[in-house]
Amino acid sequence: MASGLEVRVPYADHRIVQYVFNTPWEYKNHDGVVKGLLRDAAKDWLPEDVLARKKSPYPKTHNPAYELIVKQRLAAVLSDSDEPIHQLIDKAAAAQLLGEKSDYGKPWFGQLMAGPQLMAYLLQINFWLKKYEIVIKL
């Protein structure tokens, strides 16, 4: 992704993004159906088997080397109190995440690599905060 851009073209219109951003969660996830609002909006055009199917994420590798690298990098971030992510996370929970045994069967928001995916997500947030010099005032 360093040299590409992943977008969902029909959803790139800023008016749609603004509308959905301001839509209450109960509408987006009504009756416990993920993406319920989107499914309702498309029900006149898509067959039921497409509307009702579960989200299918891109497959992830279950490479232990990847997990080790992510753990090492997150540990380094957590040990540096100047890293901006410290303002947003529960340090004890993040430390606990580093010590957990891998559980590739427990999805995290649809991702196949629960722990490694969450660790990578925290690293990405930290990188973004630093790169764009985001100042958070809580």
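All values derive from a computational prediction rather than experimental measurement.
- In this structure, His86 NE2 and Leu78 CG are separated by 5.5 Å, a value rounded to the nearest 0.5 Å.
- Linking ILVMFWY residues whenever their side-chain heavy atoms come closer than 4.5 Å, directly or via other members, places Leu98 and Ile89 in the same cluster.
- Cluster membership for Leu122 and Tyr66, using ILVMFWY side-chain heavy atoms within less than 4.5 angstrom, is shared.
- Counting all heavy atoms, side chain and backbone alike, Pro84 lies closest to Asn126 at CD-OD1, 3.2 Å.
- For Phe127, the side chain to side chain contact (heavy atoms under 4.5 Å, CB included) criterion is met by Lys131, not counting sequence neighbours.
- Among residues two or more places apart in sequence or in another chain, the side chain to side chain contact (heavy atoms under 4.5 Å, CB included) test is passed with Lys43 by Leu51.
- In the hydrophobic clustering of ILVMFWY residues, with side-chain heavy atoms under 4.5 Å counting as a link, Ile85 and Tyr132 come out together.
- Annotation: the span from Arg39 atom CZ to Arg53 atom CZ amounts to 9.0 Å, rounded to 0.5 Å.
- Sequence neighbours left out, not one pair with a member in residues 114-124 passes salt bridge (Lys or Arg N to Asp or Glu O under 4.0 Å).
- Transitive grouping of hydrophobic side chains (ILVMFWY, heavy atoms separated by less than 4.5 Å) brings Trp128 and Leu74 into a common cluster.
- Every residue two or more places apart in sequence or in another chain was checked for a side chain to side chain contact (heavy atoms under 4.5 Å, CB included) with Trp45, and none qualifies.
- One hydrophobic cluster, built from ILVMFWY side chains closer than 4.5 Å, cannot hold both Leu68 and Val70; they sit in different ones.
- Partners of Leu88 by side chain to side chain contact (heavy atoms under 4.5 Å, CB included), not counting sequence neighbours, listed by chain and number: Ile125, Leu129, Ile136.
- Within 6.0 Å of atom NZ in Lys130, 12 or fewer heavy atoms from other residues, nucleotides or ligands are found, so the atom counts as exposed in its surroundings.
- With sequence neighbours left out, the side-chain hydrogen bond (donor to acceptor under 3.5 Å, both in side chains) criterion links Asp40 to His30.
- Contact of the Leu38 side chain with the Val20 side chain is not registered, since no non-hydrogen atoms from C-beta on lie closer than 4.5 Å.
- Around atom CZ of Arg73, no more than 12 heavy atoms belonging to other residues, nucleotides or ligands sit under 6.0 Å away.
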